[in-house]
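Just so we're on the same page: letters track the sequence lines, and every chain starts at 1. These numbers come from the heavy atoms of this one structure, side chains and all, not from hydrogens, waters or symmetry mates.
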Amino acid sequence: MEIDIIMDDSIYSSMSNGRAKGMRLKKLPTIQIGRGKCDDVEIDTMCLFNPLQHILSALKTAAKHQNTSQTRQLHACIVKVGFEGFLPLLNSLLNAYSKCSSLEDALQLFNEITPRDPFTWSSLLSLLTRSNLSQVAVTLFSTSFSFDKIQPDGHIYASLLNACANLLSSKQGKQIHAQFVISYFCDDDVVKSALVDMYSKCHTPDDARKVFDTIRIKNSISLTAMVYGYSLNGRHLEAIQIFKEMPFKSLPSWTALISGFVQHGNGINALKFFKKMRFEVIHIEDPFVICSVVGASATLASLALGKQLHCLVILLGYESSIFVSNALVDMYAKCSDIFASRQVFDNINGRDVVSWTAMIVGAAQHGWAEVALGLFDKMVFEGLTPNEVTFVGLIYACSHKGLVDKGRQLFNSMTSDYGIKPSLQHYTCLLDLLSRSGLLQEAKDVIMGMPFDPDEATWGALLSACKREGDVCMGIEIADHLLSLNPQEPSTYILLSNTYASACMWDQVAKVRKLISVMPVSKVPGYSWVELGMESYMFCAGELMHPMKDEILRLLEEIMEKMKERGYVPDTSSVLHDLEQQEKQEQLFLHSERLAVALGLLKATPGSAIRVVKNLRVCGDCHTVLKLISDIVSREIIVRDTNRFHHFKDGICSCNDFW
DNA sequence: GTTCCGAACA
């Protein structure tokens, strides 16, 4: 039975990436066999001996060098010589197209091959997976594979599991696992390595470990997959233990350990092992590990470290790597140096959608909404297709600048012009856009109409907007709803308490306070750190144990006097504890970002910007204080909180008090 | 055939 996979609309509707959309789905062009180029392939003399052997060998070479034109020429030769009916040769040809990532050629050939064997299928499945069409691979296997009446072999199971890992779909992965364990190939260690990888990436490291323990001969690949599984999922001790036991530590093994740490947010451990790796003089033959550690410095917001890594990138000759450049754009933006980010971006040759998106998101988070929108226009003008992340950045940019109409238009254009289905993130951005601009009813309509269940953060965003707009009535309605959801975030409780207090609903205020006191999770302490050249210093809220404690306090008191002269009155509404007003003000005085800024003012290079990072959102009072400080001491203060960047300069903030 | 890389909102 002929399977016309290219005509299946249900499969293509599941394609969600730009590459897939760019493909002509219905009618693929026919390859023009023997377009005069055939004779370029030097087979004449060899044909006299063993043409089959020669073409097979030439196909292997073409696959190895990912040479599409050579593969097409060999395809022409196969037709010309009359070997079209020889399945192993066609499979090698398909494999070569697959290795060249020549999707259209491969799909057309696949449709022409009949009958197909497991080799034919595994070549196609691995190509689809590598082409970001993992869901197509899995769907094809479940819908069309049985038509060919063949049993999947180890290669097919491995490719399919790779696809499930890409999709982070343990549900589909488990179904394939179930088929595998009752198959003839159930002892195949390569498939088991693929299973370890799939479960690791799907965040079930214990499932990965169960399979890992059944692998008879553990090689570098299976060990690396398990190391990654543990480090990615925060099981750092187990990751390090297996890593240490590895008889041979290849670059991918180091990369797996380090990138797992980074992805789990453990930048410190990542850098510790990167240092060890450098110490062991491991040859860095690919840039993956560099991307990871650049990402670690972005997470840690350490500009000094990021700059050192940028130097290493140049030293190792990876400046031209698009992956590395994109990571640098993101790193500089996250380390608060948006100008350096822009400089790296401007120097990239052949920017891809990730380069543009990283720059758009960076610009948006630094309050450069117009720049972000301008970059988008330029990106589209240059022929690049934005993806779902690009739109998150764009709507976010509009949201933080109050550009309601533009934001709405982008939200609609995402679906109508680019066929991207809005995710919960997009709805959250839209909701944020509307509510920040006071369009509370429209924001509520968005929540009620979206095809996702709103969570605590979604309702919280709307509630904080109600508070800002003074809509007590809707605020109470939402607060009642939120309270019934048993919220977990301490900030939600502050919001609830303030909402009820503003409506003089003291019974409800008491109820919220009682809930706080029995909350199972204690409040995360606020901390901030300031970078001072190659060093940084971290302060916890309310704690001042620094050797320069007295100078810090003196400076803050001096500044406080000047602020009061300008009419500053502390806003204690963000202090959760049941304290007297005086005590609340004292708490605010010792908020970690103020201590960090004070140390920065005392120790940073005179005139340089003070860069502070905070683990929570900047509270309203600190925001006012930092604006005033920037004016009083005439210094730029850049604070990265969990939400965005604030550039305080001359008494104003780049966020326009929208954050 | 299976391992390592970049961009996200509240």
Can you give the dot-bracket line for DNA chain B, using ( ) for pairs inside the strand, [ ] for pairs that cross earlier ones, | for pairs with another strand and . for unpaired bases, where Watson-Crick and G-U count if both distances are under 3.5 Å? ..........

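- A:F288 and A:F323 have perpendicular rings, their planes meeting at more than 60° on a 0 to 90° scale where under 30° would count as parallel.
- Using a 4.0 Å cut-off on heavy atoms, the residues of residues 212-222 of chain A that approach DNA chain B are A:S220, A:I221, listed by number.
- Among the atoms of the strands shown, base atoms are found under 4.0 Å from some heavy atom of A:V190.
- Counting non-hydrogen atoms under 4.0 angstrom, A:Q365 reaches the backbone sugars and phosphates but no base.
- A:G460 comes within 4.0 angstrom of no nucleic acid atom, judged by non-hydrogen atoms across all strands.
- Salt bridge absent: A:K275 and A:E280 never bring a charged side-chain N and a carboxylate O closer than 4.0 Å.
- Side-chain atoms of A:T458 and A:D455 include a donor-acceptor pair closer than 3.5 Å.
- Residue contacts shown for A:D153 are absent, as no nucleic acid heavy atom lies under 4.0 Å away.
- Residue contacts shown for A:K201 are limited to sugar-phosphate atoms, with no base heavy atom under 4.0 Å away.
- Note on A:S126: nothing from the nucleic acid sits closer than 4.0 angstrom, heavy atoms only.
- Taking the six-membered ring for Trp and thresholds of 30 and 60 degrees, A:Y427 and A:F411 have ring planes more than 60 degrees apart, a perpendicular arrangement.
- Within 4.0 Å (heavy atoms only), A:S122 reaches no atom of the nucleic acid at all.
- The pair A:R116-A:D148 counts as a salt bridge, with a side-chain nitrogen and a carboxylate oxygen less than 4.0 angstrom apart.
- Counting only residues at least two apart or in different chains, salt bridge (Lys or Arg N to Asp or Glu O under 4.0 Å) contacts with residues 221-235 of chain A comprise A:D206-A:R235, A:R235-A:E238.
- Residue contacts for A:D189: at a heavy-atom cut-off of 4.0 Å it reaches no nucleic acid atom on any strand shown.
- Taking the side chain to side chain contact (heavy atoms under 4.5 Å, CB included) definition, one finds that A:S126 meets it with A:S98, A:R130, A:S159, sequence neighbours left out.
- At least one side-chain heavy atom of A:M277 sits less than 4.5 Å from a side-chain heavy atom of A:I284.
- Here the side chains of A:R342 and A:F345 are in contact, with some heavy-atom distance below 4.5 Å.
- Residue contacts for A:V191: at a heavy-atom cut-off of 4.0 Å it reaches a base atom on one of the strands shown.
- Scanning DNA chain B 5' to 3' for nucleotides with an atom closer than 4.0 angstrom to a non-hydrogen atom of chain A gives a first and last hit of B:dG1 to B:dA10.
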Which donor-acceptor pairs under 3.5 Å do the side chains of residues 192-204 of chain A make with protein atoms, sequence neighbours left out?
| from | atom 1 | to | atom 2 | distance (Å) |
| --- | --- | --- | --- | --- |
| A:K192 | NZ | A:T214 | O | 3.1 |
| A:S193 | OG | A:D189 | O | 3.2 |
| A:D197 | OD1 | A:K201 | NZ | 3.2 |
| A:D197 | OD2 | A:K201 | NZ | 3.3 |
| A:Y199 | OH | A:H177 | ND1 | 2.8 |
| A:S200 | OG | A:V196 | O | 2.7 |
| A:S200 | OG | A:A225 | O | 3.4 |
| A:H203 | ND1 | A:N233 | OD1 | 2.7 |
| A:T204 | OG1 | A:Y199 | O | 3.2 |

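- As judged by a 4.0 angstrom heavy-atom cut-off over every strand, A:Y396 is placed among residues touching the sugar-phosphate backbone only.
- Looking only at side-chain heavy atoms (C-beta outward), A:S183 and A:Q151 stay at 4.5 Å or farther from each other.
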